[in-house]
Amino acid sequence: MMIELKNVTKVYGTRKAVDNISFSVDKGEIVGFLGPNGAGKTTTMKMITGYMPPTSGTIKIAGYDIVEQPIEAKKHIGYLPEVPPLYLDMTVEAYLHFVGGIKGVPPKKRREDVERIIHEVGLTDVRKRLIKNLSKGYKQRVGLAQAIIGDPDVLVLDEPTVGLDPKQIKEIRDIIKELGKKHTIILSTHILPEVSMVCDRVIIINKGKIVAIDKTENLSTALQNSRRYFIKVEGPYEEVVNSVKEIEGVTNVEAEVDSDNTIKLTVESSADKDVRKDMFFAFAKKGFPILELKMLNYSLEEVFLELTTEEESYDENVGNTKEGA
Ligand SMILES: Nc1ncnc2c1ncn2[C@@H]1O[C@H](COP(=O)(O)OP(=O)(O)OP(=O)(O)O)[C@@H](O)[C@H]1O
């Protein structure tokens, strides 16, 4: 386990920016932290990297507690913040040596690292240039380069492609995928397609809470393939459950006996079939009164509506973008 969060909460004044989240990231994974603006992504990244302590809960990096053992833990982390800490009047090369020094990388290893990294993130042509004269895409490469100096196991990347043009975005994503072969990566984004392009797994956060964690390939299935309902019925448990299971289109039924001896059910059906009427008639036929019936919206679905999908209108062959909503 390279990253492990347990019941992490961050409160700013009276506002809960992050609300009791727990997750872990295994060695070698690229995990996307996806959520709309203000969801708590940056706050979480700052806590993972030790820039800010959680109000409660624990965070471990490579087994070290970021609050209790910050020096050990931080040795394992490379961080690309929202705004990378670049020294604009330095050359790329000088800056990377400087960062290596700050991170305590010994001089010989530092020289080797800088050479290798300049090559890895494609900075060879601009290595002698002043950072202030670089394009945004190249500045972001320098940001990535400073994060990987010292060979940290874990890379934490906060919105690594934000503000870049489509060509630069693709280049940075390719670099990240390549880095993922050697490092465990968690990156935040508010762009849905970015996750499917880059990440193995996704953690979706909204209003400070995790609303889903899943393999990237399962995301769309989870969203598109089912409807859910809550229903409360009076009647004998077995018969109630069986009546629902027999309905065509019902794919899953979870039931429990409530304190007042009624049965509470969460029912799933395929997306193309609304089974509310069928449930009504099935129970009416048996004489089991329905006390409550409602459709459950996936909170996931609501979150997705807020996420930027502007890239879908981008045509790579033509190379132009439309400003998305
Ligand atoms: N220093 C702070 N003091 C008070 N509130 C803050 C502070 N930093 C963030 N917040 C609030 O906490 C919530 C989560 O913010 P955070 O920056 O973590 O979200 P985010 O998902 O990274 O969004 P964005 O993509 O816009 O950066 C927001 O409502 C924000 O206004």
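All ligand and atom numbering here is 1-based and tracks the order in the structure. Owing to the predicted nature of the structure, the values given are computational and were not obtained by experimental measurement. The basis for the numbers below is simple: all heavy atoms, side chains too, and nothing from hydrogens, waters or symmetry mates.
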Give every donor-acceptor pair under 3.5 Å between a side-chain atom in residues 92-99 and any protein atom, sequence neighbours left out.
{"from": "E93", "atom 1": "OE1", "to": "R127", "atom 2": "NE", "distance (Å)": "2.6"}
{"from": "E93", "atom 1": "OE1", "to": "R127", "atom 2": "NH2", "distance (Å)": "3.0"}
{"from": "E93", "atom 1": "OE1", "to": "K128", "atom 2": "NZ", "distance (Å)": "3.3"}
{"from": "E93", "atom 1": "OE2", "to": "K128", "atom 2": "NZ", "distance (Å)": "3.4"}
{"from": "Y95", "atom 1": "OH", "to": "P85", "atom 2": "O", "distance (Å)": "2.8"}

My understanding is that only residues two or more places apart in sequence, or in another chain, count here; which of them pass side chain to side chain contact (heavy atoms under 4.5 Å, CB included) with P53? K10
Do L80 and V31 belong to the same hydrophobic cluster, where Ile, Leu, Val, Met, Phe, Trp and Tyr are linked whenever their side-chain heavy atoms lie under 4.5 Å apart, directly or via other members? no
T43 and Y12: side-chain donor and acceptor closer than 3.5 Å? yes
Those residues with a heavy-atom separation under 4.0 Å from ligand 1 are Y12, R15, A17, P36, N37, G38, A39, G40, K41, T42, T43, E82, E159
Of all the heavy-atom pairs spanning K41 and T189, show the shortest one and how long it is. CD-O, 3.6 Å
Output every pair passing salt bridge (Lys or Arg N to Asp or Glu O under 4.0 Å) with a member in residues 59-73, not counting sequence neighbours, ordered by first then second residue. E72-K75
